[in-house]
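Beneath this line is the structure, given in structure tokens, with notes to follow.
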Amino acid sequence: MDLCLAKARSCMKTQYERSRVSELAHEVLKQKQFYYAGKPQISDAKYDAMESELRKLSPSHPVLAYVGAAPSATSPRITHDVPMLSLNKTYKVDDLHSWVGEEPIVGTPKVDGNSLSLVYEDGLLKLAKTRGDGRVGEDVTDKVFWIADCVPKLSKKLSIEVRGEVYCSAHKFAQLVEEMLERKLERPTNPRNIVAGMLGRKNHIDLCRYFNFFAFEVIGVDGLKTEMDKFEFLDNLGFSVLPHKLLKKAAEVETYLEEIKQWMDDDEIGYDGAVFSYNSLSVQSRLGNTSHHPRFKMSFKWPGLTARSKIDKIEWFPSRLGIITPVAVIEPVALSGATITNVTLHNAEHVKAYNLKRGDLIEIIRSGEVIPKFLHVVTPVEGDFDWPVKCPSCKSKLEFDGVRLKCLNSDECPAQRSGFILNWMRAVEIEDISEKRLEQMLSMGLIEAVHELYTLSVKDFLKLPATKDKMAEKLYKNIQATKKVPLAKFLNGLGIEGAGLRTWEKIIEHFPGLEAIQRITAEELVEVEGFAEKSAEQIVSGLKDRKDAIKQLLKVGVTPSVQKAKFAPGEGPLAGKQFVITGALSMPRETIEKMIREAGGKAGSAVSKNTSVLVTNEGDSSSSKMKKAKELGIPIWTEEALLTILRGV
DNA sequence: AGCTATTCGACCATCTGCTC
DNA sequence: GAGCAGATGGTCGAATAGCT
């Protein structure tokens, strides 16, 4: 009886499993084909979940061993003597640890490209082949002669096989797009797919010169004992080899992953994880392969903090300098704790390079946990990108300034005008008035130019919507309070392109006073360290353009003042030191930075080798500033430590 | 000419505090 | 409760400066 029941149960389970297996297998195969065709339909994480479920139910299912689309019938097919397998992968550091065990391993970044195998005979490149399905690939020999890193002739007469990854860097991708468009070819959607596409092409194969090749494997060489030996060997032959590092203990894995992550942020080369191999080749051959991956290699990918959404529309906003910046409004999507609806597209050239338009499915990522960043197009819709012809604000014609679209109507463009006033208000710190209230003031005709702010009365503010006595008085007081303003802020408020607060402070050090600064010639400014012809001219001519604005501001009673520094230049307790702050401190960052400058130090915004100290209250922060500081061995102080020194002043 | 460092300008979501 | 403002957080792209 018991037995019967158990049997029945297992039978039911098997039946369920069987149908689930075939369902999964079908879906996995379908998605694999989409993926290899360069048109993935679901997220990597979803796909992986599906695949691992299938593996659990049917570990030896042939679909799992399927590692690529069958090579197209028209191209010459080449059998790999040694199969080109795909890699086992994990998303968990813990898995990685248990896999590593006690073995020394070699880590490399994982390049998001296409595998390629180069066959040499007597030192000459005879054949290049893609991975294909792992056993049979395609002959792409004619293409690789265009790829600089694929060495055509070795320095020694060796008969070997070299394997690696072909990829297209972000930088070269942009150039490739340009050239493909010139040739009236279809626009490539992203760097990884165009590599696969180009290797399969019959014409325009010279475009392969935009690709690079990283070698990481060599077959047919005697006397190599370790994975590190392989890299050295390949390096000596003249190949670009993947950056690689010997890790002696599993404990070193974490720090190595941190390192890779930093490279990924650069994203010039599309790294998408890390690959680890046992260093000893004898251990490797002892372990051997499963049907679809080597047991001595493991790849690691970070759980994807990306999301996909459709572009609803692209909006173009003119800035105070007339630069028109595109922003993609997307269908709201959740990503690491926030709902994302807007994504910057940087500039007009960017929109062109990726052919961005309404309906495109794009992938985004939150960099620095805050700002959503466009990654790439997943599925484009038909059609071409679109640029505004006229300024969205003043309707005047737009011109190109480098990679950006620009509205040149600086005097009359409403957006630039309000941007100018807004910049002034921010620079001199007029509180409680921002974009909305300024728009109201402008549209009601309360003001037209910056200096008119200072002639407004309490009565004027009462005319604004939702503004009663309390608010009106506050606004009036806030504006009047900025009549006395430090010279650097005054100058910063003039919105001269190329000069920010830091730049003005530096100028004031050499030319103390508004009159002196207005008299500066470009030749004189070039004498100051940090200024060359270009920026000197830009600043001098900017000052000239603002002559009237300055005059009127002075006339209504705005008085810029030069604060006497407590210390002479080069003195003070923090002299010669550059500080960078990360994370929140007890006071606004600007306040602390001001205190640092007053004590003779410098306040920087990014960590470099010139940074003396990183100040933070979050010792375990994983921000990029922190990582960089640790990497460079820069001392890390708490806020308290900094304040102790400042208080001693 | 190529590299590195620095600055400017711009970006977006969330939370908090204030006024109406 | 609605609406506005302000602070916060870190990164990116472009341009420039200055060094080698």
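A, B, ... follow the sequence lines: proteins, then strands. Residue 1 opens every chain.
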Which one, B:dG9, B:dC12, C:dA14, comes nearest to the side chain of A:E497?
B:dG9
Count the heavy atoms of every other residue, nucleotide or ligand shown that sit under 6.0 Å from NZ of A:K534, and state whether that count exceeds 12.
no
Report the nucleotide, chosen from B:dC18, B:dA10, C:dG13, that has the shortest atom-to-atom distance to any side-chain atom of A:L321.
B:dA10
What is the separation between atom CD1 on A:I330 and atom C1' on B:dA13, rounded to the nearest whole Å?
12 Å
Mind listing the N/O atom pairs, protein and nucleotides 3-5 of chain B, below 3.5 Å?
from: B:dA5; atom 1: O3'; to: A:N610; atom 2: ND2; distance (Å): 2.9

Which of B:dA10, B:dT19, B:dT7 is nearest the side chain of A:K470? It is B:dT19
NZ/A:K390 to SG/A:C407 distance, rounded to the nearest 0.5 angstrom?
12.5 Å
Interatomic distance where CZ belongs to A:F317 and C1' belongs to B:dG9 [whole Å]:
16 Å
Distance check: side-chain N/O of A:R320 vs OP1/OP2 of B:dG9, anything under 4.0 Å?
yes
Taking B:dA13, B:dC18, C:dC12 as options, the one with an atom nearest any side-chain atom of A:K474 is B:dC18
Here the pair of heavy atoms bringing A:W316 nearest to A:D386 is CZ2-O, 3.7 Å
Would you tabulate the side-chain donor-acceptor contacts of residues 340-349 of chain A under 3.5 Å, counting partners in other chains and residues two or more places apart, or write 'none'?
from: A:T344; atom 1: OG1; to: A:H346; atom 2: N; distance (Å): 3.1
from: A:N347; atom 1: OD1; to: A:E349; atom 2: N; distance (Å): 3.1
from: A:N347; atom 1: OD1; to: A:H350; atom 2: N; distance (Å): 2.8

Starting at atom NE2 of A:H350, determine the distance to atom P of B:dC11, rounded to an integer number of angstrom.
14 Å
Does the pair A:E363/A:R308 count as a salt bridge with the N-to-O cut at 4.0 Å?
yes
Results of side-chain hydrogen bond (donor to acceptor under 3.5 Å, both in side chains) for A:W424 - residues two or more places apart only:
A:Y454
Can you check the A:I323 CD1 to C:dA15 C1' distance for me, whole Å?
11 Å
Which nucleotide sits closest to the side chain of A:T344: B:dA10, B:dA13, B:dC11?
B:dC11
With a 4.5 Å cut-off on side-chain heavy atoms, are A:L514 and A:L487 touching?
yes
Review item, nucleotides 16-20 of chain C N/O atoms under 3.5 Å of protein N/O:
from: C:dA17; atom 1: OP1; to: A:A532; atom 2: N; distance (Å): 2.9
from: C:dA17; atom 1: OP1; to: A:A532; atom 2: O; distance (Å): 3.2
from: C:dA17; atom 1: OP1; to: A:S535; atom 2: N; distance (Å): 3.1
from: C:dA17; atom 1: OP1; to: A:S535; atom 2: OG; distance (Å): 2.1
from: C:dG18; atom 1: OP1; to: A:G530; atom 2: N; distance (Å): 2.3

Less than 6.0 angstrom from the centroid, inside 45 degrees of the normal: does A:K506 satisfy that with respect to the ring of A:F531?
yes
Quick one: is C:dA14 close enough that its OP1 or OP2 comes under 4.0 Å of any side-chain N or O from A:N347?
yes
Please assess A:K477 against A:Q480 for the test side-chain hydrogen bond (donor to acceptor under 3.5 Å, both in side chains), listing each intermediate value before the final yes or no.
CA-CA 5 Å; A:K477 270 203 286 194; A:Q480 295 300 315; over 6 Å; no
Value in whole Å for how far the C1' atom of B:dT7 lies from CG of A:L501:
12 Å
From CH2 of A:W504 across to P of B:dT7 the rounded distance in Å is 16 Å
Going by salt bridge (Lys or Arg N to Asp or Glu O under 4.0 Å), name the pairs with one or both residues in residues 433-461 of chain A, residues two or more places apart or in two chains.
A:D460-A:K463
When the distance from CD1 of A:I430 to P of C:dG6 is rounded to whole Å, what number comes out?
10 Å
If you pin A:A472 and A:S319 to their nearest nucleotides in DNA chain B, which one's is more 5'?
A:S319
Which whole-number value in Å describes the distance from A:I340 CD1 to B:dC12 P?
10 Å
Evaluate the side-chain proximity of A:V528 to A:I507: yes if any heavy-atom separation is below 4.5 Å, no if none is.
no
Minimum heavy-atom separation for A:F214 and A:P243, please, with both atom names.
CZ-CD, 4.2 Å
A:N492 vs A:M471, nearer the 5' end of DNA chain B by closest nucleotide
A:N492
Of the residues in residues 432-468 of chain A, which ones touch DNA chain B at a heavy-atom distance under 4.0 Å?
A:A466, A:K468
